[in-house]
Novice: 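If you scroll down you'll find the structure; I have some questions about it.
The structure presented is a predicted model; accordingly, all values stated were derived computationally and were not measured.
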Amino acid sequence: LPPHLLRHLIGTRCSRSHHLLPTITPPPHIMAINNSILSILGFILSAYSVYVEHKVEQNLHDDNINPDEEFRALCDIDAIGASCSAVFQLPEGKMLSFFGLVPKDSALDIPNGILGMLFYTYVFIRCNMRSSELILLDRRLNAVVCSLALASSVFLARKLYIIKEICVVCLTTHVLNTTVFCRAILEVVKKQKDKVT
């Protein structure tokens, strides 16, 4: 075949194969279902961490408690050396006051678990909203919010590594935050691709 005809055939085939390549972004309804499941799981874990922290503080301030009746969290697993109740008592367990954003022991000095509950509520509401509510559906805003959640996970995971502690609840929420963040970035990338095409 003449060189120009050969180049034309190769270019045509490459162009066709490019359009046949599957997209890496899941359909929107699949993304919504998965994010709903992740947010529900994250909310439950965050709520449980708040409960554990409350019970541990209750035990610390109760001098008359029977040792046999002392609260023990389900995530305190001696077999693997995991103690989430100890981790929740760290100063980093209330990041707002730890970073000086709110006064310590004030009404706004809330545990990280409550921040997690607020974040996962946002994720759940956003992925179940209709297209008319545009503010929370903004992909860039969502990417920023998820970036903050991921940044907090990285900071807390680094702290766990430094003190050589294992917190099953913490590690699970870190995985959830990373997954939600990756999905948020995929949304932004998909939007940019749609604009180009």
Novice: Taking the side chain as everything from C-beta on, heavy atoms only, tell me whether I80 gets closer than 4.5 Å to V168.
Specialist: yes
Novice: A side-chain contact here means heavy atoms from C-beta on lying under 4.5 Å apart; do D78 and R72 qualify?
Specialist: yes
Novice: Enter the distance from L101:CG to M95:CE here, rounded to the nearest 0.5 Å.
Specialist: 9.5 Å
Novice: Given the ring of Y161, does K159 sit roughly above its face, with NZ or CZ under 6.0 Å from the centre of the six-membered ring and within 45° of the axis?
Specialist: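 K159 over Y161 ring: no.
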Novice: Taking the side chain as everything from C-beta on, heavy atoms only, tell me whether F88 gets closer than 4.5 Å to V169.
Specialist: yes
Novice: Is it the case that the ring center of F155 lies less than 6.0 angstrom away from the ring center of F99?
Specialist: yes
Novice: With rounding to the nearest 0.5 angstrom, report the OH to NZ distance, Y48 to K55.
Specialist: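 Y48 OH to K55 NZ: 11.0 Å, rounded to 0.5 Å.
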Novice: When you look at N35 and Y120, which way does the side-chain hydrogen bond (donor to acceptor under 3.5 Å, both in side chains) test go after all the steps?
Specialist: CA-CA 9 Å; N35 279 348; Y120 293 118; over 6 Å; no
Novice: Is L90 reachable from V52 through a run of I, L, V, M, F, W or Y residues, each pair having side-chain heavy atoms under 4.5 Å apart?
Specialist: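 In one cluster: no.
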Novice: Just verifying a value: how many Å separate L176 CG and I40 CD1, rounded to the nearest 0.5 Å?
Specialist: 12.0 Å
Novice: Under 4.5 Å between any side-chain heavy atoms of I110 and L115, yes or no?
Specialist: yes
Novice: Consider only side-chain heavy atoms of I, L, V, M, F, W and Y, link residues closer than 4.5 Å, and tell whether F43 and Y122 are in one cluster.
Specialist: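 Same cluster.
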Novice: If we ignore hydrogens and angles and just use 3.5 Å, is the side chain of D109 paired with the main-chain N or O of V102 as donor and acceptor?
Specialist: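 Judged by distance alone, no pair lies under 3.5 Å.
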Novice: Please say which of I166, L171, D76, I77 ends up in a side chain to side chain contact (heavy atoms under 4.5 Å, CB included) with C84.
Specialist: D76
Novice: Between CG of D138 and CG of N142, what distance do you get to the nearest 0.5 Å?
Specialist: 8.5 Å
Novice: In sequence, state the C-alpha distance, the side-chain angles, and the governing distance for K94 and D105, and then conclude on salt bridge (charged side-chain N to carboxylate O under 4.0 Å, His left out).
Specialist: CA-CA 10 Å; K94 294 182 178 180; D105 297 327; 5.2 Å; no
Novice: Quick one: pull up CZ in F119 and OG1 in T173 and give me the separation to the nearest 0.5 Å.
Specialist: 10.5 Å
Novice: Would R140 and E187 pass as an ion pair if we require N to O under 4.0 Å?
Specialist: no
Novice: In this structure, would L45 and I114 fall into the same cluster of hydrophobic residues linked by side-chain contacts under 4.5 Å?
Specialist: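 Shared cluster, yes.
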Novice: Rounded to the nearest 0.5 Å, what separates atom SG in C146 from atom CZ in R126?
Specialist: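 Going from SG on C146 over to CZ on R126, the span is 7.5 Å.
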Novice: Going by atom types alone, do N112 and S152 pair a side-chain donor with an acceptor below 3.5 Å?
Specialist: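 No donor-acceptor contact under 3.5 Å links the two side chains.
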Novice: Just so I know, are the side chains of T121 and S39 near enough to count as touching, which here means a heavy-atom distance under 4.5 Å?
Specialist: no
